[in-house]
Each structure stands twice: as structure tokens, then as C-alpha cells.
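One structure below.
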Amino acid sequence: MPELPEVETVRRGLQPVLEGARLVGVEARRPDLRFPFPENFSARLTGKTITALGRRAKYLTIHVEGGPVLICHLGMSGSFRIETPDGSEIPGVFHHERSKSAAHDHVVFDVVSAGGARSRVIFNDPRRFGFMLFAEGTPDTHPMLAGLGVEPTGNTLDGVLLASLLEGRRSPLKAALLDQRLIAGLGNIYVSEALWRAGLSPLRESGTIAKAGKKAAAQSERLAGAIRSVIADAIAAGGSSLRDYVQTDGSLGYFQHSFAVYDREGEPCSTPGCGGHIERIVQSGRSTFYCRTCQR
DNA sequence: AGCAAAACCTGGCGGC
DNA sequence: TGCCGCCAGGTTTTGC
């Protein structure tokens, strides 16, 4: 499920427990997820202190002292949960209720914080599309991350940059925005949401909003702004759920969102004065939700 | 080259 | 209740 905002929320949730903590035990309970675990997975991490938790697109990076960087991807169904020996709550972090199926607890990290508190961080992934790999130096040059496009966070992605990315492309906007080599971190939900906010059809040929001209420039500017805002809003929502609520399923990052179009087939479009209805179509084998009345 | 489908897995849900 | 087909928020590989 996780797209960039969910991964960022997971990162923030794990940070207070993992950063500065020492890994006293690391266990992979099966040989592989999507890919085999790295050679000496446990041995290379055990005993190390975690210096930082990072994120690039939908990848989580766990940096350890003098060691490899652990690159984690949650795939479609991966999640982390945190357990403490006494079940006490960790400030700023979800307290787990009851895990669904321990059968899919694939990786267990036992950590001791600088203050001596022990906790256990567990990676659960029923579908096993997730994976964990080592980067020996900076993760940016790892094959998995090297080709990624611009982050939709911050202000880097503006109309001019987006126009240059879309220029000459014949594919529909939906496909282009899902392409991690162009913009890194958008997934099926936030692409639908961003296109709705921008008033652009997911079927629209990408190159047509990148051509020179006033109208195209305005559209690429609007789309860039919509992408940035939808991501920023979702991260803010994750952050607030992290602060204020206990997760219903005890996992990090699966907070409740309210989407304008995603999974709202048949409902009235919420654009003021639009009067249209949300449709579900299939593009590249995946669901797209949009309003044909206000998205052109 | 570029784009669309298939493949990788399991679980949940609606329909019968 | 049970079985069956379909669907799922990601990425890589295959095929056109």
C-alpha cells in the first residue's frame, strides 16, 4: 500500500526507537522476500549502532555505524510494528495492538536505545513484494535507487521541470506520473488524486501539457503544484495520525486518508459546481479514478 | 525506444 | 458456510 507519504510516516515512526539505538539481534525468518536477503544479513548488522533513518522515494534507508546501509522497500503489503517488553507506549510511536498474522513476521530487529530501553521492531509482509538489500556506500548510487527521478517533496518539482519531464511523451499522464524515473514516490492513489486536483485527465497525452505556450505552461505549473500539495498533505496527515492516534492494526503508516477520487467510483465529484461523477477506468492494468467532467 | 501487459505473492471481499 | 473469481496502494521482466 505504501506510497511516498506512507513510507515517510513509517520513517518518522521508527526514528525515535531506532536512531541512536544498538542492534542487539537481527533475524530474517526466511531466506527471501521479493529478493534473497543479503549475504550475512544478520551478522553484518548485529552489534551496530543505527546512526540515521532516511528515505528516498518509497525506499527506507537504515544507516549503521561503519557498516552497510540497509535499503528497505515495503512492496504492497509490508509494514513495521514496534513491541516493547512491558507493552508500554513509546512517545510519538504507535503502540501495537495485536498483530494479524505472525506467520508473516519476516524480519525481527531487537534494539537497545542509548538510554537502555529495549524494543523489538518487526517487519511483516504477507505478499512478500517487499525487500531488504545492502548498499555498501551511499545508497544513492545503488542500482535500485540510481535511476530514480525527482522527489515530489519540497519545491524542486515546479512547472518548468515537470514540462521538461513530460515533453515529447506519448503516454497518458497517468502512466508518466507513475514512472519512478521521472518523479519518484508517486503511486496509484496519489497520481489519481493529483490529476483531480489539477483538473487534468489521466488519459491526456503527456506531451500536450509540455508544449510551449501559455496554456501548456499554466497546466504544467498547476500539475506540479497539485503533485506537491497532495504529497505534502498526505505526509501531514500521516504525521498527525502518528501524534494523535493509535493505529487500528498496530502497524506504522496505514493511517486513514480521505481521498477525493480514489476508490470513489460512482460518487459525485467534489469539485464545486462540477456536477460530474467519479469513474473507474483501467490504464496499464491498474485502476484510475477520475471525473471526466472537470478533468480534461 | 517506448509503452502495455504479465509476473511475482497472499489475503480479503462480494457473489452465488 | 463454502467455494470462486476478482481485486489490491509496487516493481521488474517480457512482449509488442
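Just so it is clear: chains get the letters A, B, ... in the order the sequence lines come, proteins before strands, and each one is counted from 1.
- Here A:Y190 does not reach the OP1 or OP2 of C:dG9: none of its side-chain N or O atoms lies under 4.0 Å away.
- One can place CG of A:L145 at 11 Å from P of C:dT11, the figure rounded to the nearest angstrom.
- In the hydrophobic clustering (ILVMFWY side chains linked at under 4.5 Å, chained through shared members), A:L203 is joined by A:I281, A:Y290.
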Note to self: If a pair means Watson-Crick or G-U wobble with both distances below 3.5 Å, what does DNA chain C look like in dot-bracket form, with | marking bases paired to a different strand?
What the structure shows: .|||||||.|||||||
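- In this structure, A:R169 reaches the B:dC3 phosphate: one of its side-chain N or O atoms is under 4.0 Å from OP1 or OP2.
- The main-chain N or O of A:A57 is found under 3.5 Å from a side-chain atom of A:E151 such that the two form a donor-acceptor pair.
- A:Q180 comes within 4.0 angstrom of sugar-phosphate atoms only, judged by non-hydrogen atoms across all strands, and of no base.
- When rounded to the nearest whole Å, the span between CG of A:D179 and P of C:dG10 equals 13 Å.
- In this structure, the CG atom of A:D263 is 11 Å from the P atom of B:dG14, given to the nearest Å.
- The phosphate of C:dG10 has neither OP1 nor OP2 within less than 4.0 Å of any side-chain N or O from A:H73.
- Using a 4.0 Å heavy-atom cutoff across all strands shown, A:P172 reaches sugar-phosphate atoms only and no base atom.
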Check residues 137-147 of chain A and write down every donor-acceptor pair under 3.5 Å in which the side-chain atom is one partner and the other belongs to a residue at least two apart or another chain.
| unit_1 | atom_1 | unit_2 | atom_2 | d |
| --- | --- | --- | --- | --- |
| A:T138 | OG1 | A:D140 | N | 3.3 |
| A:T141 | OG1 | A:T138 | O | 3.2 |
| A:H142 | ND1 | A:M144 | N | 2.9 |

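- Sorted by first and then second residue, the side-chain hydrogen bond (donor to acceptor under 3.5 Å, both in side chains) pairs involving residues 211-221 of chain A (not counting sequence neighbours) are A:R204-A:Q219.
- Looking at which nucleotide of DNA chain C each of A:K58 and A:F289 is closest to, the 5′-most match is held by A:F289.
- In this structure, NZ of A:K174 is placed 12 Å from P of B:dA5, rounded to the nearest angstrom.
- A salt bridge does not link A:R34 with A:D32: none of the charged nitrogens is closer than 4.0 Å to a carboxylate oxygen.
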Could you pull out every donor-acceptor pair under 3.5 Å between side chains of residues 222-229 of chain A and any protein atom, sequence neighbours left out?
| unit_1 | atom_1 | unit_2 | atom_2 | d |
| --- | --- | --- | --- | --- |
| A:R222 | NE | A:A198 | O | 3.4 |
| A:R222 | NH1 | A:A198 | O | 3.2 |
| A:R222 | NH2 | A:A198 | O | 3.1 |
| A:R228 | NH1 | A:L157 | O | 2.5 |
| A:S229 | OG | A:R197 | NH1 | 2.9 |
| A:S229 | OG | A:G225 | O | 3.4 |
| A:S229 | OG | A:A226 | O | 3.2 |

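- If you take OH of A:Y59 and P of C:dG10, they are 12 Å apart, rounded to a whole angstrom.
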Between protein and nucleic acid, restricted to nucleotides 7-11 of chain B and to nitrogen or oxygen atoms under 3.5 Å apart, what atom pairs and distances do you find?
| unit_1 | atom_1 | unit_2 | atom_2 | d |
| --- | --- | --- | --- | --- |
| B:dC9 | O3' | A:R128 | NH2 | 3.4 |
| B:dC9 | O2 | A:R127 | NE | 2.9 |
| B:dT10 | O3' | A:H104 | NE2 | 3.4 |
| B:dG11 | OP1 | A:H104 | NE2 | 2.7 |

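- For A:N188, taking side-chain heavy atoms from C-beta onward, the closest of the listed nucleotides C:dG10, C:dT11, B:dC3 is C:dG10.
- If you take CE of A:M144 and C1' of C:dT13, they are 13 Å apart, rounded to a whole angstrom.
- Atom pair A:Q283:CD and C:dG9:C1' shows a separation of 16 Å (rounding to whole Å applied).
- One finds no salt bridge joining A:E3 and A:K58 here, because no Lys/Arg side-chain nitrogen approaches an Asp/Glu carboxylate oxygen to under 4.0 Å.
- Applying the side chain to side chain contact (heavy atoms under 4.5 Å, CB included) rule to A:E267 yields the partners A:R264; only residues at least two apart in sequence or on another chain are considered.
- Residue-level contact check: A:R181 touches neither bases nor backbone, having no heavy atom under 4.0 Å from any strand.
- The side-chain hydrogen bond (donor to acceptor under 3.5 Å, both in side chains) pairs that include a residue from residues 271-283 of chain A are A:W196-A:T271, A:E279-A:R292, A:R280-A:S287, A:Q283-A:T288, where partners are two or more places apart or lie in different chains.
- Atom P of B:dA5 sits at a distance of 15 Å from the matching atom of C:dC7, rounded to the whole Å.
- Distance A:L166 CG to B:dG2 P: 14 Å, rounded to the nearest Å.
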List, one per line, each side-chain donor-acceptor pair under 3.5 Å for residues 65-75 of chain A, sequence neighbours excluded.
| unit_1 | atom_1 | unit_2 | atom_2 | d |
| --- | --- | --- | --- | --- |
| A:H73 | ND1 | A:G75 | N | 2.8 |

